[in-house]
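To start, the structure under review is shown below, and the notes come after it.
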Amino acid sequence: MPIPRVAFLSFVGLGALGVLLAVARQPQTPEAAKFPSSYVDTKGAISLPSEYRLKWTHLGSWSVTEEGGGIGLHDVYAQPDAVTSFIKDGKWPDGATIVKEVRGGHEAKLTTGQARWDGEIKVWFVMVKDAKHSFPDNPNWGRGWDCALYNKSDPTKNVSTNYKLDCIACHVPAQETDWIYLRGYPTLNEKAGPFGTYPATTYQPADAAK
């Protein structure tokens, strides 16, 4: 006995629905899963945040004497909610993004004394927290972080090729603090606020003289 056309279409429709539901139940690969950051795509490629200076929290600054005697001034920023989370429990949440803006510097004796101040932007370093190892096949992800480097000439292109070659070596001394230097960041250390009292070791760690 032939199946009525309406019943047949209903049967086919239910079958297709079953296939779709079965596919939907399939576990997603880490790359396809939704990563908790609007700066990371499904393949683990990240973009340089454009609003970090106006909307993010300034963690601290570094003044670095570069090879050849030049001055490098580094300003570091992180998302306000990530900073709040870190201050609360001492851990960076997945998706937390840290941007280091590296500028050239100028120096001269001014009325305030020997002064250094910001010059032109040179590069940006970006790190994104990922404790779940969401992108095992992306060479810029490892040790629980993503590493990215952008030149001023093209802020849309990550020129880092591998975190082992382009990132991790500079962070080895900070391995015990989740690969992030904390000594230069008053915002993270002064948990009682800028008017509190803090132990001297907060800004003068034991290895500082080494």
Side-chain angles (χ1 to χ4, degrees), residues 30 33 35-37 39-40 44-46 48-49 52 56-67 71-103 122-150 158-210:
F35 188 77
S37 172
Y39 309 108
V40 180
I46 72 172
L48 174 63
Y52 69 89
W56 289 19
T57 300
H58 182 251
L59 301 184
S61 302
W62 299 79
S63 176
V64 180
T65 300
E66 300 176 339
E67 293 184 9
I71 302 170
L73 298 176
H74 303 181
D75 284 292
V76 184
Y77 301 81
Q79 299 140 308
D81 56 344
V83 173
T84 300
S85 179
F86 182 89
I87 291 175
K88 179 180 179 181
D89 57 26
K91 296 181 180 179
W92 295 105
D94 274 4
T97 305
I98 299 174
V99 175
K100 179 166 72 173
E101 177 187 274
V102 179
R103 291 177 172 270
K122 292 185 175 180
V123 299
W124 294 269
F125 288 95
V126 180
M127 295 180 69
V128 180
K129 181 61 183 176
D130 173 36
K132 298 178 181 178
H133 308 290
S134 302
F135 304 100
D137 297 327
N138 189 316
N140 278 318
W141 293 76
R143 302 293 199 277
W145 291 91
D146 166 70
C147 172
L149 171 61
Y150 301 89
N158 177 12
V159 297
S160 173
T161 58
N162 190 304
Y163 83 94
K164 294 180 181 179
L165 301 176
D166 303 319
C167 182
I168 202 65
C170 292
H171 290 258
V172 169
Q175 182 174 353
E176 294 183 359
T177 53
D178 198 12
W179 304 95
I180 301 295
Y181 290 95
L182 300 180
R183 68 185 65 170
Y185 303 144
T187 302
L188 301 180
N189 290 308
E190 297 176 357
K191 296 183 180 181
F195 307 114
T197 300
Y198 317 97
T201 53
T202 297
Y203 299 106
Q204 187 64 27
D207 64 344
K210 294 181 181 180

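The figures here come from the full heavy-atom set of this structure, side chains too, leaving out hydrogens, waters and symmetry mates.
- Proximity of Y77 to T97: side-chain heavy atoms (C-beta onward) are nowhere separated by under 4.5 Å.
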Where do Y39 and V126 land on the side-chain contact (heavy atoms from CB on, under 4.5 Å) test, with the steps shown first?
CA-CA 11 Å; Y39 309 108; V126 180; over 6 Å; no
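- Nearest heavy atoms, N138 versus A45: ND2-N, 4.1 Å.
- For the pair L188 and V83, the minimum side-chain heavy-atom distance is below 4.5 Å.
- With hydrogens and angles ignored, the 3.5 Å screen pairs no side-chain donor or acceptor of D94 with any backbone N or O of P36.
- For the pair K122/H74, no side-chain contact is recorded, criterion being any heavy-atom separation below 4.5 Å from C-beta on.
- Taken to the nearest 0.5 Å, the OG atom of S37 stands 7.5 Å off from the CD1 atom of I46.
- Take W179 and apply the ring pair (Phe, Tyr, Trp, His ring centres under 6.0 Å) test, not counting sequence neighbours, and it matches no residue.
- Rounding to the nearest 0.5 angstrom, the gap separating the CG atom in D146 from the CD1 atom in I98 is 11.5 Å.
- A tilted orientation is assigned to the rings of H171 and Y181, their planes being inclined by 30° to 60°.
- A side chain to side chain contact (heavy atoms under 4.5 Å, CB included) with C147 is found for one member of C170, P139, C167 and no other, namely C167.
- Looking at T84, its side chain does come within 3.5 Å of a backbone N or O of P80 through a donor-acceptor pair.
- Two rings, from W92 and F86, have their centers less than 6.0 Å apart.
- Side chains of N140 and N158 form a contact here, defined as non-hydrogen atoms less than 4.5 Å apart.
- A 4.5 Å side-chain heavy-atom check between H58 and D75 finds at least one atom pair inside the cut-off.
- Looking at heavy atoms from C-beta onward, I168 lies out of side-chain contact with W145 at the 4.5 angstrom threshold.
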Walk me through it: do L73 and W62 pass the test side-chain contact (heavy atoms from CB on, under 4.5 Å)?
CA-CA 6 Å; L73 298 176; W62 299 79; over 6 Å; no
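- Ring planes of W141 and F135: tilted class, angle from 30 to 60°.
- Partners of V123 according to the side-chain contact (heavy atoms from CB on, under 4.5 Å) rule, which considers only residues two or more places apart in sequence or in another chain, are V102, F125, L149, N151.
- The CG atom of L59 sits 12.0 Å away from atom NZ of K100, with the distance rounded to the nearest 0.5 Å.
- Minimum heavy-atom separation, P186 to G184: CD-O, 3.2 Å.
- The heavy-atom pair separating A78 from W56 by the smallest distance is O-CB, 3.3 Å.
- The main-chain N or O of I180 is never found under 3.5 Å from a side-chain atom of D178 such that the two would form a donor-acceptor pair.
- A donor-acceptor contact closer than 3.5 angstrom links the side chains of E101 and Y52.
- At a threshold of 4.5 Å between non-hydrogen side-chain atoms, the residues I71 and T65 do not count as touching.
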